[in-house]
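Please see the structure below; I have some questions.
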Amino acid sequence: MSLYRDEGVVLRTWKLGEADRIVVIFTKGHGKVRAVAKGVRKTRSKFGARLEPTSHVALQFYEGRELDIVTQAESIDQYPALREDFDRLGRAVTMLEAVDQLAQDREPNPAVLRMLVGALATLAADDSPLVVPAFFLKLLALEGFRPEVDTCVACGAEVDLVAFDIDSGGVLCRACRRGQALTPDALALLQRVLGGGLAAALREPPSAATHDVDVLATRAMEHHLERRLRSVSVMDHA
Amino acid sequence: MSAYAAPVQDLIDELGRLPGIGPKSAQRIAYHLLKLSRDDALRLAHAIVEVKDRVAFCRRCFNVAEGDECGYCADPRRDPTVVCVVEEPRDIVAVERTGEFHGRYHVLQGAISPMDGIGPDQLKVKELLARIEPEGVQEVILCTNPNIEGEATAMYLSRLLKPVGVRVTRIASGLPVGGDLEYADELTLGRALEGRRVLDGD
């Protein structure tokens with residue numbers, strides 16, 4: 001008998017057989033776990049909505065040979081606000097997809113989980129345009145790929161930073177510029193997000209600069225993952 | 001060399017491709033079929049051929065249909081002004097069993113699932129929109145699954161349909177009849193409270 005407990009965020013689910021689902025959970029102590037939730041698709045399932053993507057749950061697992069089995073689930077937070085707004089739900093799913101791609105099976109990374117929970121809570125509390133880009137940028141920083149936003153990555157100049165190049169990993173001055181152009185407003189937002197001004201930056205209303213930062217952070221994330229985020233293109237077309 | 005005669009091995013392989021049938025079940029069913037009388041086996045073979053030849057999707061609502069239109073679209077007694085939107089044809093069966101609905105259906109053939117790359121373009125959304133005016137639809141009931149994909153689909157459709165000037169409703173969420181309150185999750189119980197109704201005293 002090997003049971004274990006953990007808490008985590010449900011990243012995605014797959015249908016399995018008649019009424020079951022495979023649930024992918026990013027847990028605090030066991031990293032990314034794939035587990036079977038038996039009977040979860042029945043209307044009278046004891047799990048109810050707890051094992052849906054975005055839910056933050058405390059779980060008990062039974063260790064199986066290949067897949068573990070979820071035996072109990074209790075919600076910590078279900079973020080109902082996310083589930084009542086199509087755009088916010090889409091953005092939450094984008095973050096889940098990035099974490100799913102980045103996280104390794106059975107490799108705990110409590111810092112990433114803490115950030116994900118924080119980002120979901122922020123997104124549920126108020127619809128800030130910078131939640132997802134800030135999450136991506138912070139995630140990259142945590143992975144050791146923090147984009148350089150304070151000095152030119154080519155010559156080290158501190159002023160006249162006018163471009164951002166993903167391959168070079170940061171901003172560039174006018175003399176060294178390559179990649180895409182960066183407005184002074186967008187640069188200031190990048191510096192605030194990565195430089196300790198996150199809480200204030202999240203209060204920014206939507207603008208051209210927040211849109212630029214969003215596009216740039218998504219591209220940087222996709223570059224790091226070496227694949228496109230499917231939910232981004234689906235949500236852009238919807 | 002295979003342990004089975006070649007035709008038996010082929011049968012086992014084909015059966016093994018069906019959902020929920022593993023190699024062992026496939027073997028068991030194959031041996032059952034071998035023992036069947038020729039008539040019984042041919043009846044099964046015939047049923048499979050018939051269903052593939054005669055059943056297609058209804059051109060109006062995309063339910064499975066024998067011929068051009070499904071039974072519900074062709075039935076003149078059904079109310080054309082109310083359309084119930086479901087994900088899969090088998091959801092129609094579930095709704096029909098309630099006996100509470102007498103309008104027509106529209107089958108999306110899936111639900112929005114951003115992580116799987118399934119957006120509105122992969123579903124029968126345009127086809128739904130195209131039905132509203134010609135058929136004089138006044139109410140669209142969003143009857144997608146109460147899970148994250150179904151909810152996303154319902155939210156998307158309601159946003160799309162509001163400007164068209166049609167009444168858009170969503171089936172209620174709440175507690176299953178015959179269950180225990182203590183096992184209800186917060187989201188479901190919360191919605192049940194939100195959607196509470198006044199009981200008449202008399």
Side-chain angles (χ1 to χ4, degrees), chain A residues 10-21 24 40-55 57 72-80 82-101 228-238, chain B residues 18-22 25 87-88 90-91 94 98 110-123 125 142 144-160 162 170-171 173-194:
Chain A
V10 179
L11 299 180
R12 65 178 305 173
T13 62
W14 277 290
K15 287 182 182 180
L16 177 71
E18 193 68 21
D20 308 340
R21 261 189 229 279
V24 182
V40 70
R41 280 151 66 200
K42 292 184 182 161
T43 43
R44 283 190 200 170
S45 161
K46 61 181 171 180
F47 297 125
R50 291 184 190 100
L51 295 178
E52 297 270 289
T54 72
S55 294
V57 279
Q72 285 179 29
E74 220 178 321
S75 346
I76 298 172
D77 204 329
Q78 292 190 308
Y79 311 110
L82 294 182
R83 303 188 49 148
E84 282 158 20
D85 181 334
F86 184 68
D87 292 313
R88 270 198 269 180
L89 182 60
R91 289 196 278 147
V93 169
T94 304
M95 296 196 286
L96 300 182
E97 188 183 354
V99 172
D100 185 30
Q101 292 300 324
R228 304 298 300 269
L229 288 166
R230 279 172 165 179
S231 41
V232 172
S233 60
V234 168
M235 293 307 292
D236 283 350
H237 285 95
Chain B
L18 299 175
I21 310 272
S25 310
E87 291 177 22
E88 301 289 344
R90 54 177 186 272
D91 297 330
T98 65
I112 293 177
S113 178
M115 265 205 234
D116 300 310
I118 300 176
D121 296 346
Q122 279 76 41
L123 307 173
V125 170
L142 301 173
T144 51
N145 285 327
N147 56 29
I148 210 136
E149 288 92 11
E151 303 264 299
T153 312
M155 286 189 281
Y156 174 78
L157 287 178
S158 83
R159 197 171 69 176
L160 197 69
K162 283 269 163 63
R170 170 86 174 120
I171 48 160
S173 292
L175 300 170
V177 180
D180 264 17
L181 213 60
E182 64 168 314
Y183 288 108
D185 67 287
E186 295 72 10
L187 206 63
T188 308
L189 190 52
R191 289 205 191 160
L193 277 171
E194 211 182 311

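First the proteins, then the strands, lettered A, B, ... as listed; each starts at 1. Just so it is clear, the structure is predicted and the values come from calculations on it, not from any experiment.
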Subject >> Main-chain N/O of A:K42 paired to A:S45 side chain as donor or acceptor, under 3.5 Å >> reply: no
Subject >> Partner of B:T144 by side chain to side chain donor-acceptor pair (under 3.5 Å), out of B:E87, B:R170, B:E88 >> reply: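 Only match with B:T144 under side chain to side chain donor-acceptor pair (under 3.5 Å): B:R170.
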Subject >> Heavy-atom pair count under 4.5 Å with chain B, highest-scoring of A:S75, A:P80, A:G17 >> reply: A:S75
Original post:
So which of A:H237, A:K46, A:R50 has the biggest tally of heavy-atom pairs under 4.5 Å with chain B?
Top reply: A:R50
Original post:
Hey, is the main chain of A:G90 close enough, under 3.5 Å, to the side chain of A:T94 for a donor-acceptor pair?
Top reply: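 Side chain of A:T94 to backbone of A:G90: a pair is present.
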**OP:** Mark yes or no for whether A:R41, through its side chain, and A:E18, through its backbone, hold a donor-acceptor pair below 3.5 Å.
**Re:**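 At least one qualifying donor-acceptor pair exists.
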Original post:
Where on A:L11 is there a heavy atom nearer than 4.5 Å to chain B: the side chain, the backbone, both, or neither?
Top reply: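 Backbone only.
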**OP:** Could you have a look at B:E151, B:R191, B:R159 and say which one has the most heavy-atom pairs with chain A under 4.5 angstrom?
**Re:** B:R159
**OP:** Sort out for me which residue in B:L193, B:L189, B:D180 forms a side-chain contact (heavy atoms from CB on, under 4.5 Å) with B:L175.
**Re:** B:L189
Subject >> B:T188 versus B:G174, closest heavy-atom pair with distance >> reply: CG2-O, 3.0 Å
**OP:** Measure across A:S231 and B:M115 and return the closest heavy-atom pair with its distance rounded to 0.1 Å.
**Re:**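 Between these two residues, the closest heavy atoms are CB-N, 4.3 Å.
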Subject >> Test item: B:D185 side-chain N/O and A:A49 main-chain N/O as donor-acceptor pair under 3.5 Å >> reply: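 Answer holds: yes.
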Subject >> Options A:E74, A:M235, A:R83, A:R228, ranked by heavy-atom pairs under 4.5 Å with chain B, top entry >> reply: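 That would be A:R83.
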Subject >> Whether B:E149 side chain and B:A111 backbone form a donor-acceptor pair below 3.5 Å >> reply: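 Flag not set: sc B:E149 to bb B:A111 has no pair under 3.5 Å.
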**OP:** Measure distances from A:R88 to the heavy atoms of chain B and classify the residue's part below 4.5 Å as side chain, backbone, both or neither.
**Re:** neither
Subject >> Pick from B:N147, B:D121, B:I112 with the largest number of heavy-atom pairs that fall under 4.5 Å of chain A >> reply: B:N147
Original post:
Taking B:G20, B:G119, B:P120, B:A152 one by one, which has the highest count of heavy-atom pairs under 4.5 Å against chain A?
Top reply: B:A152
**OP:** Give the member of B:I148, B:I118, B:N145 that has the highest number of heavy-atom pairs under 4.5 Å with chain A.
**Re:**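 Among B:I148, B:I118, B:N145, the one with the most close pairs to chain A is B:I148.
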Original post:
Tell me, side chain or backbone of A:L96 under 4.5 Å from chain B's heavy atoms, or both, or neither?
Top reply: both
Original post:
If you count heavy-atom pairs under 4.5 Å with chain B, which of A:L229, A:T54, A:D87 comes out on top?
Top reply: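 With the most close heavy-atom pairs to chain B, the winner is A:D87.
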Subject >> Part of B:A184 within contact of chain A (heavy atom distance under 4.5 Å) >> reply: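 B:A184 touches chain A through backbone heavy atoms alone.
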Original post:
Who wins among B:D116, B:V125, B:L160 for the most heavy-atom pairs under 4.5 Å with chain A?
Top reply: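 Looking at each option in turn, the highest pair count goes to B:D116.
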